[in-house]
Structures are given as structure tokens and as C-alpha cells.
Amino acid sequence: MSSLVVPGQPLGSASAYIPGPGVHIFNGQIIASLVGQVVTTTPPSSSSSSSTNTTTTTTPTPTISVQKPILSTTATEEPNATLLPEVSSTVLCRITRINTRQATASIFSVNDHICGDEFQGVIRVQDVRLTEVDKVKIFNSFRPGDIVRARVISLGDQSNYYLSTAGNELGVIMADSEMGDQMYPINWREMKSTRTGVVEERKVAKPF
Amino acid sequence: MPPPTPLSPPELSYLYTSLSLTPPIRLDLRQPSQFRPIIAECSFLPHCNGSSRICMTEAGECIVGIKAEVEKDATTKYATVIEREKWIEVSVEVAGGGVAGAGSGSGGGGGGVGIGGISGAGGATGRDEGDGGAAVWLKEGLLAGGGGAGAGWSILDRLVISSGWHWKLYIDVLLLTPTSHPSPLLLSTAVNMALSSTYLPKLTSPHDIDDIPTFSDDWAISTPLYEPTSFPKPPISLPVVAVGDNVFLDPSVAEVAAAEAGLVITLSLVDEEGSCDVVGVRSMEVGRAGGKEGERKGIGRKLLREMVGACVKEAGEVIKGLGETTQKQMFRA
Amino acid sequence: MPIQIIAPAPFVTAADEEDDEGGVRLDFDNEGDIAMDSDAPRRAGRQTGGIVTPGEVVTDDPQWMRGHGTYLCQSHESGSQSIVSSLAGTISKTNKLLSIRALKFRYVPEIGDLVVGRILEVQTKRWRVDIAAPHSATLLLSSINLPGGILRKRTSTDELQIRTFFSEGDLLVAEVQTLSNDGQASLHTRSLKYGKLRNGVFMMIDAGMVRRMKSHVLTMNTSNGGGEVDIYLGVNGYIYIAKHTTPLTESGGPEGKSVSITRLEEEASEAIYSNVNEEISPETRAEIARIACVIGALAKNGVKVDEEMVHLGYEAALEEFLQGMEWGGDGEMGRRVVEASLVKRREQ
Amino acid sequence: MAAKAPDRRRNNPPSHGTTPPVFLSSASSGAVKPKQSSRPPNEIRKIFLRTGLISSVTGSSFLEIAPLKLSISVLGPRPLPRTSSTPFAAQAILTTEVKFAPFASTVRRGYVRDSSERDLGSRLYQALVGAIRRELYPKSRIEVVVTILDSEDEGDDVNTVYMEEGKTTVETKFWDAGRSERALGVVLAGCITAASAALADAGIEMFDLVSGGVATSFVDEVGLKGKGVGDAVSNKLYVRDPAIAPPEGKVPLATCVLGYMAARDEISELWISGKVGTKNGTAEMDELVDEAIAAARSARGVLNEAAKERVQFIVDKTGTTEPLKEESTDVQMTG
């Protein structure tokens, strides 16, 4: 029971730990800023087994953080529930609009977590592909309704996050053809319909 | 009252460092407890029972008119608190179309004379605290702050005419400089002066008659709402902010943006020597309070004492000064 | 008394007359006394400082051309055309062009003006900047110096990082580069003289109170150990007063070694967009505040601000040794400083 | 994820519906008004506080202090509304909204927020805004929505004032000036405490929890009638978490409400209304503030436990790996 801390509760001296997520420093003390469990991790360079022991003088400074446990069936690696897209987070989004300069998308999942509200992002034409950027046509890369895996490259302006699909593992992961049936990827730039066999162009993500 | 556009980080840090020095350097070279000069005028509206006009360098200008109307008590023998509190009505409004394009977007464009946007109580969402709800705050100060020499004294008692009748006091504050965040000092000095200059006609009918009361139309024998010589005086609210360990009275907009804690303290004068009672304290939203790590999040006890102490020290002089100005102007006319 | 309560004063006082140059006389060139003798009301106007009001006939002499702030009107009796003022202000003439300069006006940008502005909004490739003009100005990403060398090519990364150069509320000094048809200004900071402002304080006065000069960046030696202080007198009435910093110019010069030049540029550029102030001593801060008060007092008392007046005003202020509120609004002391500095100027 | 565009104007209910929380009715309460308990003045009323009751929002809490019942939802961090007028926000924007249910007070309230509700909202904002680590949530907003379901307030018989007529001056027995401040103060303090719990439940990082405290100073009624009341400092009675009805033979002088961060010993929101003498400098105010802080500290104990309760439940249920116990975690922050 006592392993639970509340915001404002001191966890130790700031010199003894590196502050991780869920904590902050005040008056030279590490203070919890979440309700949750205290986790200390020692950098693996040292010999000690996992993180059982707290600071002894010899081990490198451990990182201390507070994690809020969440009710979920699959325990994932990111325990803090409130999430916002950050630069370099991987997101899943649905394309909502396209024009020649950019595709607008609605982000519904950040780092494998579903967000409560959808955030709006844009994929600009120069961020679609890593190479031959000049030849990219948004129309041949995305269509409204496509589900896309992308990376956040900038917090952007007041309304949009800037996304990029430059990278092999980034791009369309699910798409319907013009006829409305599902398609599967056949190479990095084409997808084929399951029913009609029609091939359409997309910026396809490399399947895992 | 944060400015419409935020100040740049270097500006804020410059201000913050200057103000937290010992001794602090204010940008206008004022002493920490010095007020900026104000231009004040009272009793200049012939149709009002009391009126005032205050002009400040930064906060702009505002006019207060007080009108008293005879009203029948809502309940004959019993006056509940709610009923009595309705005897005073305060409203704060912005005169529309004053200065074109003045930031806040409340002043209606063009050159109209009408009322553009309602600020204060009207516009208070969660974000604009501080002086949002200006009308609520002014009224609260009045109701709580009549209490000079007897805590039981209330301005409401002065409004009773006879059994079943009372004055209903309309205090209308008109901001001539469009802003969504009127300075608390501007509003409170204006209301203070207007109240000090308010006179009510003398009752000529007996007190204990339920009939419509009658009044003398001779203004020479009218009765003041606040006796000029005795000691409930209208309250006044002083804004005070803290930067580091320094406390500043009458902060400028930029100083508020750089401040870590702010209070608006309402005081009323209790005796001739100028000692005051605190009748209300409210937090004021300031620029640096919270959000970031390493900033102060609230007010410590010691700082609170210093802030209130600073106000208490100066308030007597300020209220007296305002009172004297009012008297001078009243009898000049 | 901690507070000064002033009864309202009637508007214009004779004291203003002393300030004989309140934007009036100097706008005339040397042959200043415009020959319009036939015009009686005009003459009366000129005696009180050459102020005309809307509707007032300026002249009916056909040799003059109609300029800004005037219109032509056919007189009923004589049938002759006369030039009538449409503004309240002073007459200015350039050759045969008659125009009226309003007494109080918003800043109208002109190409080449040095302005101090504040970022209002960050857009994809540009900023909107408040320069006290009727329209906000724009500053294109391509019109600023990018860190990492002056001649660096603009990349899409810069676009993503636009907020690291300037973000909302930031102050900058810039030059008006172009004007669009509707009078909207486009700024540039492509010189090391321009860019982000820090190490000081911002203040604003009426745009008309800053005299157009050859240079709007002054460096002043202050007393009391204040060191050197830079004053950016924006033509738009926005003023920034900061601790003097050695200008980040390419002082290495062409004869310097090429390696050091690039390094220097590298260093300079990183500092351009810093949001952190340098160490500023309390003495400097006090003097910066004093200069700000001087400029404020000058403007409030209707004296145009220029290099000379700032210097004289500062000297006068040092002599008067003012504290705090004496400066404010209609403070007597502020006026005294201004008068003292005007006297000084006459002596020179 | 549903394929349709999200509706941003309102908070959608979960598609499967919700089960409203059902609270056990305590045997004693009923239609009968609970009598003023004889609780000592330095003790606050019992607080019932629970978090995580509303599943469709990020965080929620429910608070009950004697007659006061309120529920709080925390939404966000969620994207800013997509209007062009919204400026870029480097820090999260906090909005607070306080609404009395129409049936929450003796006099029915409308559905539109009135000035006192807006005022409470802005006070709550002030109390919380400094405590939230807003810099961690750029370009987003956090909404705190308070619904007051039941409250103790104006209109009670106690507050009806009889006005004596006749004579030349009308004498009123109007000594209950601090009443509405007390009622609003208790509501505000409750809002602050419960909102902290809801924010903690939402997993929003905070520098410290904020707890609300109220205290009122009372003086003897007889003492007041005499002149020179300012000296009546001696028999001042401070009551923490005051009820509407003043103690026997006492009249209220001043009420202090504050939001207090116990771990930092800082006051985030302060509201004093009423007469506080300054004969001895700020001593009188200090006493009042100290009493309110003491009340806030007491509430903080409840707040801490309530904040942990839900997390503990999850920990127990999921059986997540017990993180190591820190040697320093035994520092308990109970008021």
C-alpha cells in the first residue's frame, strides 16, 4: 500500500536519482507528480540485478519515475494514460482530406495507445517519401479513408501536427479500393484489391 | 489582467530579474509601494446621485454613475438576505467603438456610441480570472466592506427609507478604454469616489408609514450615503503582486505578467489615523504563477503577510486622499 | 503620500507653446512661409502653430497640388478651386505638393522604415507582426537570417522549426521591405543589425512622436556605471531599450582568415534567436529605466523624440534626480525634465 | 474506432450506456434535515470522496460533505478547438466550469450559469492552474467540469431576517452577513479538493495536490452591539468548515477560503470576505488563514487516500508487477 505515492510527495534527494517521467524537482527533492507506483531503474551498465537495490554509492545514478497503472488487458510499455502526440511518436491516423499539397489526417492512436480525442495532423507532400521527394503526388499516395502509420515531426501550428511517412515502415497500412473493397499491399507503392484485383497506387508501409 | 499579446521570454525574464533585485528596479523607477498618479473627478453628472471619472495612465479611463431609485420591499415584514442583496446592482460595461482595434475585440468597430461588449461578469470564463466577474467582485467588496466601526454596519442599512421602502442603488461602471481585463484599482477607486459623492434626497414623509414615501427636492439638505465625517468609508481595493521576495503595489500590466503571485486586497478605513480593516482578499491571476517547473505555484505564508502588510500600510493614505479629493471637488461646485 | 491624485486639467495649456517644434515647424522647408496671404483663416491658423482642421480651406492658389489629407473644393462664390484639409494636423509641402500631417495618427509604414514589432501569429512560412500600423505586417521565413551561416539555403526543416526563430510575443527590430497595394508591410531582418530583441525593455509611444532620422538605433553612454545602452527608436513608435551588445557583424572582414569567418558567423547565428538575456547589472537596469522614463516624458509632453532630445533629456533627468511617480502622467517633474532639456537644446 | 467523424461539440457517451452510481442511503438521512452536530469548531465535517466513477471521461470524482454533493469530470488533455481564433498554446489551457444543478439549492437555478457560478469557476481555475504541470501538455486543453448536485445555501429559515419597524430609524437584526460567503466557501473548498482528486485520477501531472479549506471567525453577538467592537478580538471563535447556522449566540465576522498545497506550504487561491482587523498588523488575518490551512490539511488527508484508492484497486486487480518500495516513500503527506 505504501508503494503508492500522490503528487507532492517527496521521493528522495535530487542528487541521488535522475528524474524520470511522473516526477519533478522542487527544493532539491524529487517530488512525485502523479498518483502511482514508484519505479527506479538502474542503468544496465552496472552489475546489479534489475533494480531491486536502491542507491548504493557505487552503482550509477538510477532513474526514478512514477507510473500510474492502468486497467488494460495487455500490459504495454507506456503506462501513463494521458497522451498527446509528441515529436517522433508513431501514430496511426485516418486520412480525411487530400489536396495537391498535403493530406489531412485524424490521429487516433499514439504510440499504440488509443487517444480519447482525435488530433488533427497533416502530411505535407515533401514529407511523404524519403527519396525523390519532387515526384511525389499526394493523389498517388493517400486517399481519404486510408489508415496510415506516420511519425510526428513537428507540433506544427495551432491546429495541426505535422506528420511524415518518410520511412519504410511508415505509410498506408489499410486501404479500401475505389470500389470499396479491401486491398493488400503488393509492393512499396501499390496495393491490390482482394476482390477485383485492381491495383491502386499508395505509399505503402512495409508490413511487419 | 494579462495583456492580449504575451510578452516575449527575454522581456519577462528582464522584468523578473529587475523586480527581484534588492532594491528592486521598477521600469518606471517607482518605489515598490508607490502608486501611479491618477486623475480623478467626481460629482460631475447632474442626473446621478453620485458620479466619478477616473483616468489612469495605463488602465485608461472609466466613469461611474450611481442612481438611486425608490423601490418597494419585495416582502413586507421579512427581508431575506437574497432580497436585500438585490438592493445594490453593479454592472461593468465597456463603451463600444472607443479606440479602433484595441486588442481585446470587445469594442465594437466603427464609431458607434452604443454599448459594445460586456466585460467583467459578462465575459468571465475559466480563463480570465483576476478581474473577470468585476461586478460580482465590486459588489462583494461593498457588502462586506461597509463595516467600519461596527462590523454590523452595512451599506444596506443606509438604503432603508421606511418600513416597506428602500433605495435601490444602481452602480454603473462604464469603461471608456476598451479592455477585457479592467484594472481592479481603476474600478475600485472610481466606485469609491462615486459612492463618497452620492447624496440621497431627504425623506419628508414619516418613517413608519407604509405609503409611498415623499422627498424634499432641495439638494442642499440631501443626506450623504456615506457620512463625510464619520467612519464607515467606502472600501477600496488595491492590487498587489510579488516577485521573488519583493512586494509591489499598483503593478503595471507588464509587472503583473512577470509576477509570481498576486492579490487584490479590499480595505476600508476605520478611524482618523488612517488604520484600515481588511474586508476582502482575492487572488489575482499573474503571469508566472505555475505551469512550469521551478516557478512559484502559490503564496507562502510569509509572503502573504508581507503583501497584506504593504497594502494595509498604504491604504489609509490612499483612501483618505481620495476622500479629501472628493470633498474638495464636492464643495467647490 | 503614496498616491498622487490630480484634478482634471483643461486640455491645452500655454506650456505646450514653448515646445515650438512639436512636429509643426520642422515639417516646413526653409522657404517655409507658404505664400497664401490671401487666406485669412489660414493665417490665423498658422499663428497658433499652423494647425488646420478638416474642412478648413488651405489655399485657393492654383499653383499648389493636392496631396495626402486634402481635397479639392469648388468655391460657390468665386468658382475657383481651393484645396481643403480633410485632417486635423499641420501643413507640409514638398515642392508644389501640399499635404496635411495629422496630429494623431496610426503609423503608416514606408519602405525602408526601421520598425520594432511584436509577433502576433506564427504561420506555416511566415509570421504576422504587430507594428502599430492599421494592418499587421508580415515577415516571411525567407526574409530572416537563418542560423548556421548567412548564405545557407532554406530547408523544409526550417519550416518545421519556425517557432524556434520567432514565436508569439517575441519582439524584433526589422526594416520595411515592401508594401502591398493595401498598405500592408512586409518586413525583413536580413541584416545583422536586425533580428530578435532581448536584454532590455519595450515601450510604446505615439507613432508621430518619433522623428524620422538617419539612424534609428542609438547607442548611449550612460552615467552611474550603467555602461552603454542601445535604443531602438522604431519609426512606428515602438521603442526598445537594451544593454549594448557588440553588434554581430562580420567584423572579421574580408582579410580575416576564412575559417574564423565561418566560425564567427556560426556563433553569431546561434545567438540571434536566443531567448536568454545576458547578465545585466542593476546599474544598467536603472539607467535603462531612466531612459525609458525620459522618452515617455518627452512623448507625453509633446516633444518629438530623436537622438538629440534623448541625450538632452537624459542629462536633464540626471540633474533632477527623479524618483518614481514624479514621472508619471501629468507629473510636474516629468515636464520639468522636458523643459530643462529644451532649454539645453536652445543653448546649443 | 468508429469511422464517423468525431463530434467535437459535446462529449459523447459510451456507446453501451452507463450505469449511474448508486449510493447507499444512510439510514439516518431522509427527508428530515440533519441537525447541526455538535462537532468541535476545529474539526471539519466528514468527507466522502471517491474517484473514477465516470468511465467516459479521463478522470472524475464525487464528493460529499454533509449536505454538499458534487461531481467533477476532467476531460483531456484534448485537442484545442479547431477555430482559427485559437492561438498556439505552448502550455495546456485549463478551463473550469462550475454549475449548480437546477435543483441543488433551495431556490431553483437556471440552466445558464449565473454570475456566482462563473465566479466560482474562475476561483477554481486560480486554485488549480498553478498546480498542473501545463508545460507537459502543449497544444491541448484540460477541462474541469463541476456539477453541484446538492448544497446548503440561501433561503433557509435561519437566514430570514426580521426587520423591526417603527421609530425614526429602522433597526434591523441583520447580523448574518457572512452567510452566503460561508455557503459558497464550503462549496468552493469542496470543488478544489474534489477537482484535485479528479485530476489525479485523470493521470494529469501536478506539482502538488490542492486541497480546499474554509474557516470563519465568529464573535459574540452581544459584543457586537456595543461600540468599539474592534477590541473584541479576545473572544473570537474560529470555526473550520463552518455550517450555515452560526454557533449559538455568535455572529460571523470573516470567512477565509483557500486552496492549499500542503507539500509546498503554499496557497494557490485565497479569498477572504468580511472584516479582519489590522490593529496588530496582519496577526488577525494570519489566525484566520492558519485556521483555513488547518482545515485544508485535514481535507488533504482524505484527498491523499481517495487519490490512492482507485490506483490501489487497479494494482490489486491487474496484479501489475509491484514496483520496488522506496525507502523514502514512507514520508506520508497527511496534512
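What's counted below: heavy atoms across the whole structure, side chains too, no hydrogens, waters or symmetry copies. Letters A, B, ... are given to chains in the order of the sequence lines, protein chains preceding strands, and every chain is numbered from 1.
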| query | Of all residues at least two apart in sequence or in a different chain, which pass the side chain to side chain donor-acceptor pair (under 3.5 Å) check with Thr194(A)? | reply | none

| query | Side chain, backbone, both or neither: which part of Asn160(A) has an atom under 4.5 Å from a heavy atom of chain D? | reply | backbone

| Atom CE in Met261(D), atom CZ in Phe26(A): separation rounded to 0.5 Å? | 8.5 Å

| message | Nearest 0.5 Å, please: how far is CD in Gln9(A) from CG in Leu209(D)? | response | 9.5 Å

| said: Please classify the contact of Leu155(A) with chain D as side chain, backbone, both or neither, using a heavy-atom distance under 4.5 Å. | reply: both

| said: Quick check for you: among Asp201(D), Leu303(D), Val311(D), Leu199(D), which has the greatest number of heavy-atom pairs under 4.5 Å with chain A? | reply: Val311(D)

| task | Would you please name every residue forming a salt bridge (charged side-chain N to carboxylate O under 4.0 Å, His left out) with Glu97(D), sequence neighbours left out? | result | none

| query | Which atoms form the tightest heavy-atom contact between Glu205(D) and Pro21(A), and what is the distance? | reply | OE2-C, 4.5 Å

| request: To the nearest 0.5 angstrom, please state how far the CD atom of Gln120(A) sits from the NZ atom of Lys139(D). | output: 9.0 Å

| How far apart are the closest heavy atoms of Pro77(D) and Leu84(A), and which atoms are they? | CB-CD2, 3.8 Å

| remark: Here the pair of heavy atoms bringing Ala200(D) nearest to Val35(A) is CB-CG2, 3.4 Å

| message | Using a 3.5 Å distance criterion without hydrogens, assess whether the side chain of Arg133(D) forms a donor-acceptor pair with backbone atoms of Val23(A). | response | yes

| message | Check this for me: Glu169(A), atom CD, are more than 12 non-hydrogen atoms of other residues, nucleotides or ligands nearer than 6.0 Å? | response | yes

| query | Does atom CZ of Arg202(A) have more than 12 heavy-atom neighbours from other groups under 6.0 Å away? | reply | yes

| query | Counting only heavy atoms not in Glu86(A), do more than 12 fall under 6.0 Å of its CD? | reply | no

| field | From Gln37(A) atom CD to Gln312(D) atom CD, the distance as rounded to the nearest 0.5 Å | value | 8.0 Å

| query | For the residue pair Phe119(A) and Arg78(D), what are the closest heavy atoms and their distance? | reply | CE2-C, 4.2 Å

| field | For the student: nearest non-hydrogen atoms of Gly8(A) and Ala263(D), plus distance | value | O-CB, 3.0 Å

| message | Once rounded to the nearest 0.5 Å, what's the spacing between atom CG of Leu4(A) and atom CZ of Arg310(D)? | response | 13.0 Å

| Nearest heavy-atom neighbours spanning Arg300(D) and Val6(A) | NH2-CG2, 4.3 Å

